[in-house]
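Shown next, in C-alpha coordinates, is the structure this report addresses.
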There are 2 protein chains.
Amino acid sequence: MTHMTKERLLESGLGMLLERGYNDLGMQALLEATGTPKGSFYHHFRSKEDFTLQVIDRYMAEVHRGLDHSLGNTSLPPVERVRLFFELSQEKYRQEGYLGCLLGGVGQELSGVNETFRRKIESCFTAIATRIAGCLEEAQQRGELPPEKDPRQMADLLVDCWEGAALRSRLRRDPGPLGTMLDFYFSAAIR
Amino acid sequence: MTHMTKERLLESGLGMLLERGYNDLGMQALLEATGTPKGSFYHHFRSKEDFTLQVIDRYMAEVHRGLDHSLGNTSLPPVERVRLFFELSQEKYRQEGYLGCLLGGVGQELSGVNETFRRKIESCFTAIATRIAGCLEEAQQRGELPPEKDPRQMADLLVDCWEGAALRSRLRRDPGPLGTMLDFYFSAAIR
DNA sequence: ACTTACCAATAGACCGGTCGGTCTGGAAGG
DNA sequence: CCTTCCAGACCGACCGGTCTATTGGTAAGT
(Lines give C-alpha, C1' and ligand atoms only; values in the text may rest on other atoms or scores of the structure.)
Protein backbone atom coordinates (compact mmCIF):
# COMPACT_ATOMS: atom_id res chain seq x y z
CA MET A 1 0.00 0.00 0.00
CA THR A 2 2.60 2.41 1.19
CA HIS A 3 5.00 2.70 -1.73
CA MET A 4 2.42 2.04 -4.41
CA THR A 5 2.43 5.72 -5.30
CA LYS A 6 6.16 5.70 -5.88
CA GLU A 7 5.83 2.56 -7.94
CA ARG A 8 3.09 4.12 -10.05
CA LEU A 9 5.19 7.23 -10.65
CA LEU A 10 8.24 5.25 -11.73
CA GLU A 11 6.17 3.02 -13.96
CA SER A 12 4.35 5.84 -15.75
CA GLY A 13 7.47 7.97 -15.73
CA LEU A 14 9.32 5.37 -17.73
CA GLY A 15 6.73 5.42 -20.49
CA MET A 16 6.35 9.18 -20.50
CA LEU A 17 10.10 9.81 -20.54
CA LEU A 18 10.50 7.40 -23.42
CA GLU A 19 7.87 9.21 -25.43
CA ARG A 20 8.44 12.85 -24.49
CA GLY A 21 11.98 13.02 -23.20
CA TYR A 22 13.14 14.81 -20.08
CA ASN A 23 12.59 18.49 -20.76
CA ASP A 24 9.26 18.10 -22.47
CA LEU A 25 7.85 16.09 -19.59
CA GLY A 26 6.44 18.55 -17.07
CA MET A 27 5.57 17.78 -13.49
CA GLN A 28 1.99 18.76 -14.14
CA ALA A 29 1.59 16.18 -16.91
CA LEU A 30 3.22 13.44 -14.88
CA LEU A 31 1.16 14.22 -11.81
CA GLU A 32 -2.12 14.40 -13.69
CA ALA A 33 -1.43 11.20 -15.61
CA THR A 34 -0.80 9.31 -12.40
CA GLY A 35 -3.34 11.13 -10.24
CA THR A 36 -0.62 12.12 -7.82
CA PRO A 37 -0.58 15.31 -5.78
CA LYS A 38 2.62 17.29 -5.73
CA GLY A 39 3.27 16.66 -2.09
CA SER A 40 3.42 12.93 -2.68
CA PHE A 41 5.89 13.28 -5.50
CA TYR A 42 8.28 15.42 -3.50
CA HIS A 43 7.87 13.15 -0.53
CA HIS A 44 9.25 10.24 -2.57
CA PHE A 45 11.74 12.09 -4.76
CA ARG A 46 14.15 14.90 -4.06
CA SER A 47 13.66 16.45 -7.50
CA LYS A 48 12.71 15.74 -11.08
CA GLU A 49 16.33 14.84 -11.76
CA ASP A 50 16.39 12.40 -8.84
CA PHE A 51 13.16 10.90 -10.13
CA THR A 52 14.54 10.44 -13.63
CA LEU A 53 17.69 8.80 -12.33
CA GLN A 54 15.52 6.31 -10.46
CA VAL A 55 13.49 5.67 -13.60
CA ILE A 56 16.75 4.87 -15.37
CA ASP A 57 17.70 2.48 -12.57
CA ARG A 58 14.39 0.77 -13.03
CA TYR A 59 14.96 0.55 -16.77
CA MET A 60 18.41 -0.93 -16.19
CA ALA A 61 16.98 -3.51 -13.81
CA GLU A 62 14.76 -4.67 -16.68
CA VAL A 63 17.74 -4.75 -19.02
CA HIS A 64 19.74 -6.85 -16.59
CA ARG A 65 16.85 -9.25 -16.23
CA GLY A 66 16.85 -9.60 -20.00
CA LEU A 67 20.59 -10.18 -19.99
CA ASP A 68 20.26 -12.78 -17.24
CA HIS A 69 17.68 -14.61 -19.25
CA SER A 70 19.51 -14.45 -22.59
CA LEU A 71 23.16 -14.76 -21.68
CA GLY A 72 22.32 -17.27 -18.98
CA ASN A 73 20.75 -19.63 -21.48
CA THR A 74 23.71 -22.02 -21.69
CA SER A 75 21.87 -24.41 -23.96
CA LEU A 76 22.64 -21.89 -26.74
CA PRO A 77 26.08 -21.11 -28.18
CA PRO A 78 27.37 -17.84 -26.62
CA VAL A 79 26.96 -15.81 -29.79
CA GLU A 80 23.36 -16.92 -30.10
CA ARG A 81 22.74 -15.87 -26.51
CA VAL A 82 23.88 -12.36 -27.37
CA ARG A 83 21.68 -12.27 -30.42
CA LEU A 84 18.74 -13.50 -28.35
CA PHE A 85 19.10 -10.54 -26.02
CA PHE A 86 18.71 -8.06 -28.85
CA GLU A 87 15.85 -9.96 -30.38
CA LEU A 88 14.12 -9.81 -27.02
CA SER A 89 14.78 -6.08 -26.92
CA GLN A 90 13.35 -5.70 -30.39
CA GLU A 91 10.18 -7.39 -29.25
CA LYS A 92 9.98 -5.01 -26.28
CA TYR A 93 10.37 -2.04 -28.61
CA ARG A 94 7.53 -3.37 -30.73
CA GLN A 95 5.23 -3.48 -27.73
CA GLU A 96 6.05 0.16 -26.97
CA GLY A 97 5.40 1.28 -30.54
CA TYR A 98 9.03 1.55 -31.59
CA LEU A 99 9.97 4.52 -29.45
CA GLY A 100 13.57 3.39 -29.22
CA CYS A 101 15.69 3.09 -26.12
CA LEU A 102 15.34 5.22 -23.00
CA LEU A 103 19.11 5.35 -22.53
CA GLY A 104 19.62 6.63 -26.05
CA GLY A 105 16.83 9.16 -25.69
CA VAL A 106 17.79 10.65 -22.36
CA GLY A 107 21.49 10.33 -23.16
CA GLN A 108 21.17 12.19 -26.41
CA GLU A 109 18.99 14.91 -24.93
CA LEU A 110 20.88 15.65 -21.75
CA SER A 111 24.50 14.66 -22.24
CA GLY A 112 25.40 17.99 -23.81
CA VAL A 113 24.42 19.97 -20.74
CA ASN A 114 24.11 17.72 -17.69
CA GLU A 115 27.22 15.96 -16.50
CA THR A 116 25.34 13.78 -14.02
CA PHE A 117 23.20 12.24 -16.73
CA ARG A 118 26.08 12.02 -19.16
CA ARG A 119 28.05 9.89 -16.73
CA LYS A 120 25.01 7.91 -15.63
CA ILE A 121 23.97 6.90 -19.14
CA GLU A 122 27.53 6.14 -20.18
CA SER A 123 27.89 3.87 -17.15
CA CYS A 124 24.70 2.06 -18.19
CA PHE A 125 26.05 1.38 -21.67
CA THR A 126 29.34 0.27 -20.19
CA ALA A 127 27.53 -2.15 -17.89
CA ILE A 128 25.61 -3.70 -20.78
CA ALA A 129 28.67 -3.93 -23.00
CA THR A 130 30.67 -5.53 -20.20
CA ARG A 131 28.21 -8.35 -19.82
CA ILE A 132 28.06 -8.92 -23.55
CA ALA A 133 31.85 -8.86 -23.77
CA GLY A 134 32.01 -11.63 -21.21
CA CYS A 135 29.77 -13.76 -23.38
CA LEU A 136 31.82 -13.00 -26.49
CA GLU A 137 34.97 -14.04 -24.66
CA GLU A 138 33.40 -17.40 -24.03
CA ALA A 139 32.56 -17.61 -27.73
CA GLN A 140 36.15 -16.84 -28.54
CA GLN A 141 37.44 -19.58 -26.28
CA ARG A 142 35.10 -21.98 -27.99
CA GLY A 143 36.46 -20.87 -31.36
CA GLU A 144 33.14 -19.41 -32.41
CA LEU A 145 34.56 -15.91 -32.71
CA PRO A 146 37.79 -15.08 -34.60
CA PRO A 147 40.67 -14.83 -32.10
CA GLU A 148 41.94 -11.51 -33.46
CA LYS A 149 38.76 -9.65 -32.44
CA ASP A 150 38.67 -7.82 -29.14
CA PRO A 151 35.49 -8.96 -27.33
CA ARG A 152 35.26 -5.74 -25.39
CA GLN A 153 35.43 -3.63 -28.52
CA MET A 154 33.02 -5.90 -30.36
CA ALA A 155 30.53 -5.57 -27.52
CA ASP A 156 30.73 -1.77 -27.43
CA LEU A 157 30.38 -1.70 -31.18
CA LEU A 158 27.28 -3.83 -31.03
CA VAL A 159 25.68 -1.66 -28.37
CA ASP A 160 26.50 1.53 -30.28
CA CYS A 161 25.17 0.31 -33.60
CA TRP A 162 22.09 -1.00 -31.86
CA GLU A 163 21.40 2.44 -30.41
CA GLY A 164 21.74 3.98 -33.86
CA ALA A 165 19.33 1.46 -35.31
CA ALA A 166 16.97 2.13 -32.39
CA LEU A 167 16.98 5.85 -33.16
CA ARG A 168 16.19 5.19 -36.80
CA SER A 169 13.49 2.77 -35.79
CA ARG A 170 12.02 5.50 -33.57
CA LEU A 171 12.05 7.91 -36.49
CA ARG A 172 10.42 5.44 -38.87
CA ARG A 173 8.23 3.75 -36.29
CA ASP A 174 9.23 0.39 -37.64
CA PRO A 175 11.61 -2.44 -36.78
CA GLY A 176 13.45 -2.55 -40.11
CA PRO A 177 16.67 -0.85 -39.02
CA LEU A 178 16.97 -3.10 -35.97
CA GLY A 179 16.75 -6.33 -37.93
CA THR A 180 19.07 -5.16 -40.69
CA MET A 181 21.64 -4.11 -38.16
CA LEU A 182 21.57 -7.42 -36.29
CA ASP A 183 21.84 -9.46 -39.49
CA PHE A 184 24.80 -7.45 -40.63
CA TYR A 185 26.60 -7.54 -37.33
CA PHE A 186 26.26 -11.23 -36.69
CA SER A 187 27.09 -12.30 -40.19
CA ALA A 188 30.10 -9.98 -40.31
CA ALA A 189 31.48 -10.27 -36.80
CA ILE A 190 31.38 -14.01 -36.60
CA ARG A 191 32.51 -14.61 -40.16
CA MET B 1 23.72 44.08 -43.80
CA THR B 2 20.06 43.28 -43.88
CA HIS B 3 20.01 39.56 -43.23
CA MET B 4 23.11 39.51 -41.04
CA THR B 5 20.93 39.20 -37.96
CA LYS B 6 19.18 36.15 -39.36
CA GLU B 7 22.53 34.68 -40.34
CA ARG B 8 23.90 35.23 -36.86
CA LEU B 9 20.87 33.57 -35.28
CA LEU B 10 21.08 30.51 -37.50
CA GLU B 11 24.80 30.20 -36.95
CA SER B 12 24.66 30.43 -33.16
CA GLY B 13 21.46 28.45 -33.10
CA LEU B 14 23.18 25.51 -34.72
CA GLY B 15 25.83 25.37 -32.02
CA MET B 16 23.42 25.92 -29.18
CA LEU B 17 20.95 23.33 -30.42
CA LEU B 18 23.74 20.81 -30.79
CA GLU B 19 24.84 21.38 -27.22
CA ARG B 20 21.57 21.91 -25.40
CA GLY B 21 18.90 20.37 -27.58
CA TYR B 22 15.58 21.91 -28.49
CA ASN B 23 13.63 22.10 -25.28
CA ASP B 24 16.52 23.20 -23.12
CA LEU B 25 17.37 26.06 -25.45
CA GLY B 26 15.29 29.04 -24.38
CA MET B 27 14.64 32.13 -26.46
CA GLN B 28 16.23 34.26 -23.79
CA ALA B 29 19.51 32.37 -23.94
CA LEU B 30 19.59 32.44 -27.72
CA LEU B 31 18.76 36.13 -27.86
CA GLU B 32 21.30 37.10 -25.23
CA ALA B 33 24.04 35.00 -26.80
CA THR B 34 23.53 36.69 -30.14
CA GLY B 35 22.65 40.15 -28.85
CA THR B 36 19.35 40.06 -30.67
CA PRO B 37 16.14 41.71 -29.48
CA LYS B 38 13.01 39.66 -29.56
CA GLY B 39 11.40 41.76 -32.24
CA SER B 40 14.18 40.91 -34.65
CA PHE B 41 13.88 37.22 -34.04
CA TYR B 42 10.17 37.13 -34.66
CA HIS B 43 10.60 39.33 -37.69
CA HIS B 44 12.80 36.69 -39.31
CA PHE B 45 11.16 33.55 -37.94
CA ARG B 46 7.57 32.59 -37.40
CA SER B 47 8.34 30.60 -34.25
CA LYS B 48 11.01 28.67 -32.43
CA GLU B 49 9.97 25.60 -34.37
CA ASP B 50 10.31 27.41 -37.69
CA PHE B 51 13.71 28.65 -36.60
CA THR B 52 14.89 25.18 -35.68
CA LEU B 53 13.71 23.75 -39.00
CA GLN B 54 15.78 26.40 -40.77
CA VAL B 55 18.79 25.54 -38.61
CA ILE B 56 18.38 21.95 -39.74
CA ASP B 57 18.24 23.07 -43.37
CA ARG B 58 21.46 24.94 -42.82
CA TYR B 59 23.02 21.88 -41.24
CA MET B 60 21.90 19.77 -44.18
CA ALA B 61 23.41 22.24 -46.63
CA GLU B 62 26.74 21.67 -44.89
CA VAL B 63 26.25 17.92 -45.08
CA HIS B 64 25.51 18.06 -48.79
CA ARG B 65 28.60 20.16 -49.36
CA GLY B 66 30.59 17.45 -47.57
CA LEU B 67 28.95 14.79 -49.73
CA ASP B 68 29.69 16.77 -52.88
CA HIS B 69 33.30 16.99 -51.92
CA SER B 70 33.72 13.36 -50.87
CA LEU B 71 31.52 11.41 -53.25
CA GLY B 72 32.51 13.71 -56.10
CA ASN B 73 36.16 12.85 -55.71
CA THR B 74 36.32 10.44 -58.64
CA SER B 75 40.04 9.91 -58.27
CA LEU B 76 39.13 7.62 -55.37
CA PRO B 77 37.36 4.25 -55.60
CA PRO B 78 33.65 4.72 -54.71
CA VAL B 79 33.91 2.91 -51.40
CA GLU B 80 36.80 5.14 -50.38
CA ARG B 81 34.75 8.20 -51.26
CA VAL B 82 32.07 7.07 -48.85
CA ARG B 83 34.62 6.45 -46.14
CA LEU B 84 36.13 9.86 -46.76
CA PHE B 85 32.80 11.52 -46.08
CA PHE B 86 32.57 9.98 -42.63
CA GLU B 87 36.16 10.74 -41.84
CA LEU B 88 35.47 14.36 -42.72
CA SER B 89 32.44 14.27 -40.45
CA GLN B 90 34.54 12.82 -37.66
CA GLU B 91 36.94 15.72 -38.01
CA LYS B 92 34.03 18.15 -37.81
CA TYR B 93 32.79 16.46 -34.65
CA ARG B 94 36.25 16.83 -33.16
CA GLN B 95 36.22 20.58 -33.77
CA GLU B 96 32.87 20.82 -31.98
CA GLY B 97 34.08 18.84 -28.98
CA TYR B 98 32.38 15.56 -29.91
CA LEU B 99 28.81 16.67 -29.37
CA GLY B 100 27.53 14.23 -31.95
CA CYS B 101 25.16 14.93 -34.80
CA LEU B 102 22.41 17.56 -34.78
CA LEU B 103 20.05 15.25 -36.67
CA GLY B 104 20.51 12.51 -34.12
CA GLY B 105 20.10 14.91 -31.24
CA VAL B 106 17.00 16.72 -32.39
CA GLY B 107 15.57 13.55 -33.90
CA GLN B 108 15.93 11.60 -30.70
CA GLU B 109 14.54 14.40 -28.54
CA LEU B 110 11.51 15.39 -30.58
CA SER B 111 10.44 12.43 -32.68
CA GLY B 112 8.36 10.96 -29.90
CA VAL B 113 6.10 13.98 -29.69
CA ASN B 114 6.44 16.18 -32.75
CA GLU B 115 5.42 14.71 -36.09
CA THR B 116 6.85 17.62 -38.09
CA PHE B 117 10.33 17.08 -36.75
CA ARG B 118 10.03 13.32 -36.94
CA ARG B 119 9.34 13.48 -40.66
CA LYS B 120 11.87 16.22 -41.24
CA ILE B 121 14.76 14.38 -39.61
CA GLU B 122 13.81 11.09 -41.23
CA SER B 123 13.83 12.80 -44.63
CA CYS B 124 17.31 14.16 -43.89
CA PHE B 125 18.63 10.69 -43.13
CA THR B 126 16.94 9.35 -46.22
CA ALA B 127 18.57 12.05 -48.34
CA ILE B 128 22.04 11.23 -47.02
CA ALA B 129 21.54 7.48 -47.39
CA THR B 130 20.28 7.95 -50.94
CA ARG B 131 23.42 9.72 -52.03
CA ILE B 132 25.62 7.12 -50.36
CA ALA B 133 23.60 4.32 -51.93
CA GLY B 134 24.30 5.81 -55.36
CA CYS B 135 28.00 5.65 -54.67
CA LEU B 136 27.77 2.08 -53.41
CA GLU B 137 25.95 1.08 -56.59
CA GLU B 138 28.86 2.36 -58.57
CA ALA B 139 31.17 0.31 -56.36
CA GLN B 140 29.05 -2.72 -57.04
CA GLN B 141 29.23 -2.24 -60.80
CA ARG B 142 32.98 -2.01 -60.48
CA GLY B 143 33.00 -5.25 -58.52
CA GLU B 144 34.26 -3.55 -55.40
CA LEU B 145 31.18 -4.50 -53.42
CA PRO B 146 29.70 -8.02 -53.31
CA PRO B 147 26.79 -8.23 -55.77
CA GLU B 148 24.41 -9.82 -53.29
CA LYS B 149 24.38 -6.75 -51.05
CA ASP B 150 21.63 -4.18 -51.47
CA PRO B 151 23.34 -0.78 -51.78
CA ARG B 152 20.32 1.03 -50.43
CA GLN B 153 20.18 -1.15 -47.35
CA MET B 154 23.93 -0.93 -46.86
CA ALA B 155 23.75 2.85 -47.01
CA ASP B 156 20.95 3.08 -44.44
CA LEU B 157 22.80 0.65 -42.24
CA LEU B 158 25.92 2.77 -42.41
CA VAL B 159 24.06 5.96 -41.55
CA ASP B 160 22.25 4.28 -38.65
CA CYS B 161 25.36 2.76 -37.13
CA TRP B 162 27.16 6.04 -37.57
CA GLU B 163 24.47 7.82 -35.58
CA GLY B 164 24.80 5.27 -32.82
CA ALA B 165 28.54 5.73 -32.71
CA ALA B 166 28.02 9.51 -32.71
CA LEU B 167 25.77 9.25 -29.67
CA ARG B 168 28.33 7.15 -27.82
CA SER B 169 31.04 9.58 -28.84
CA ARG B 170 28.90 12.40 -27.41
CA LEU B 171 28.55 10.50 -24.17
CA ARG B 172 32.25 9.76 -23.89
CA ARG B 173 33.46 12.97 -25.46
CA ASP B 174 35.89 11.05 -27.58
CA PRO B 175 36.16 9.76 -31.15
CA GLY B 176 36.77 6.11 -30.30
CA PRO B 177 33.32 4.76 -31.16
CA LEU B 178 33.32 6.55 -34.52
CA GLY B 179 36.62 5.05 -35.65
CA THR B 180 35.79 1.57 -34.44
CA MET B 181 32.48 1.64 -36.21
CA LEU B 182 33.99 2.74 -39.53
CA ASP B 183 36.74 0.14 -39.38
CA PHE B 184 34.24 -2.60 -38.70
CA TYR B 185 31.80 -1.53 -41.38
CA PHE B 186 34.29 -1.11 -44.17
CA SER B 187 36.21 -4.28 -43.43
CA ALA B 188 33.00 -6.29 -43.13
CA ALA B 189 30.82 -4.77 -45.82
CA ILE B 190 33.30 -4.77 -48.65
CA ARG B 191 35.06 -8.09 -48.23
C1' DA C 1 -8.05 -2.65 25.41
C1' DC C 2 -7.88 2.02 24.93
C1' DT C 3 -5.49 6.18 24.50
C1' DT C 4 -1.89 8.77 22.96
C1' DA C 5 2.00 10.07 20.24
C1' DC C 6 4.22 9.86 16.25
C1' DC C 7 5.36 9.78 11.45
C1' DA C 8 5.13 8.41 6.74
C1' DA C 9 2.27 9.80 3.14
C1' DT C 10 -1.19 12.69 0.95
C1' DA C 11 -3.06 17.03 -0.47
C1' DG C 12 -2.85 21.27 -2.91
C1' DA C 13 -2.21 26.38 -2.41
C1' DC C 14 1.42 29.05 -3.49
C1' DC C 15 6.16 30.79 -5.01
C1' DG C 16 9.43 33.33 -8.16
C1' DG C 17 11.15 32.55 -12.48
C1' DT C 18 11.08 31.49 -17.21
C1' DC C 19 8.71 29.91 -21.18
C1' DG C 20 7.37 31.05 -26.22
C1' DG C 21 4.99 34.61 -28.34
C1' DT C 22 2.53 39.35 -29.27
C1' DC C 23 2.34 44.16 -29.74
C1' DT C 24 3.49 48.86 -30.38
C1' DG C 25 6.89 52.26 -31.40
C1' DG C 26 10.50 54.02 -33.74
C1' DA C 27 14.83 54.03 -36.73
C1' DA C 28 16.80 53.28 -41.28
C1' DG C 29 16.80 53.43 -45.99
C1' DG C 30 14.77 53.06 -50.66
C1' DC D 1 5.99 58.05 -47.48
C1' DC D 2 6.36 53.24 -46.95
C1' DT D 3 8.57 49.05 -46.05
C1' DT D 4 12.01 46.55 -43.53
C1' DC D 5 14.07 45.77 -39.52
C1' DC D 6 15.34 46.76 -34.71
C1' DA D 7 13.91 47.33 -29.91
C1' DG D 8 11.91 45.81 -25.76
C1' DA D 9 7.79 46.13 -22.69
C1' DC D 10 4.43 43.05 -21.87
C1' DC D 11 1.42 38.73 -21.84
C1' DG D 12 -0.69 34.44 -19.86
C1' DA D 13 0.80 29.84 -19.19
C1' DC D 14 3.58 26.81 -17.17
C1' DC D 15 7.97 25.52 -15.07
C1' DG D 16 10.18 22.92 -10.95
C1' DG D 17 9.98 23.34 -6.23
C1' DT D 18 8.45 24.81 -1.24
C1' DC D 19 5.33 25.06 2.44
C1' DT D 20 1.75 24.07 5.65
C1' DA D 21 -2.10 21.33 6.84
C1' DT D 22 -4.11 17.05 7.31
C1' DT D 23 -4.65 12.46 6.79
C1' DG D 24 -4.34 7.27 8.16
C1' DG D 25 -1.99 3.62 10.19
C1' DT D 26 0.85 1.81 13.82
C1' DA D 27 3.57 1.31 17.87
C1' DA D 28 4.20 2.47 22.64
C1' DG D 29 2.35 3.48 27.33
C1' DT D 30 -0.72 2.38 30.99
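Chain letters run A, B, ... following the sequence lines, proteins first and then strands; every chain starts at 1. Here the structure is a predicted model, which is why all the values come from computation and not from measurement.
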How long is the line joining [atom1] of [X] and [atom2] of [N], in whole Å?
| X | N | atom1 | atom2 | value |
| --- | --- | --- | --- | --- |
| A:F51 | D:dG17 | CZ | C1' | 15 Å |
| A:F45 | C:dA8 | CZ | P | 17 Å |
| B:R8 | D:dC5 | CZ | C1' | 12 Å |
| B:H43 | C:dA28 | NE2 | P | 16 Å |
| B:E7 | D:dC5 | CD | P | 13 Å |

Original post:
Of all the choices, C:dG12, D:dG16, C:dG20, which nucleotide is nearest to the side chain of A:Y42 once you look at every atom?
Top reply: D:dG16
Subject >> Out of D:dG16, C:dT10, C:dG21, whichever nucleotide has its closest atom nearest the side chain of A:T5 >> reply: C:dT10
Original post:
Is B:K48 positioned over the aromatic face of B:Y22, cation under 6.0 angstrom from the ring centre and no more than 45 degrees off axis?
Top reply: yes
Do we see a donor-acceptor contact under 3.5 Å between the side chains of [X] and [Y]?
| X | Y | value |
| --- | --- | --- |
| B:T74 | B:R81 | no |
| A:R170 | B:S111 | yes |
| A:Q95 | A:E91 | yes |

Original post:
Should B:H44 be listed as having a side-chain N or O under 4.0 Å from OP1 or OP2 of D:dC6?
Top reply: yes
Subject >> Nearest-nucleotide 5' precedence on DNA chain D, A:K48 against B:G39 >> reply: B:G39
Original post:
Closer to the 5' end of DNA chain D via nearest nucleotide, is it B:F41 or A:F41?
Top reply: B:F41
**OP:** Mind checking A:S47 for me? I need base, sugar-phosphate or nothing, with any heavy atom below 4.0 Å counting as a touch.
**Re:** sugar-phosphate
**OP:** Quick one: label A:K38 by what it contacts on the DNA or RNA (base, sugar-phosphate, nothing), any heavy atom closer than 4.0 Å.
**Re:** base
**OP:** Give me the ring orientation class for A:W162 and A:Y93: parallel if the planes are under 30° apart, tilted from 30 to 60°, perpendicular past 60°.
**Re:** tilted
Subject >> Parallel, tilted or perpendicular: ring planes of B:F184 versus A:Y185, cut at 30 and 60 degrees >> reply: tilted
Original post:
In residues 16-32 of chain B, which ones come under 4.0 Å of DNA chain C, going by heavy atoms?
Top reply: B:L25, B:G26, B:M27, B:Q28
**OP:** Look at the side chain of B:Q140 and the backbone N and O of B:P146, then say whether any donor-acceptor pair between them is shorter than 3.5 Å.
**Re:** yes
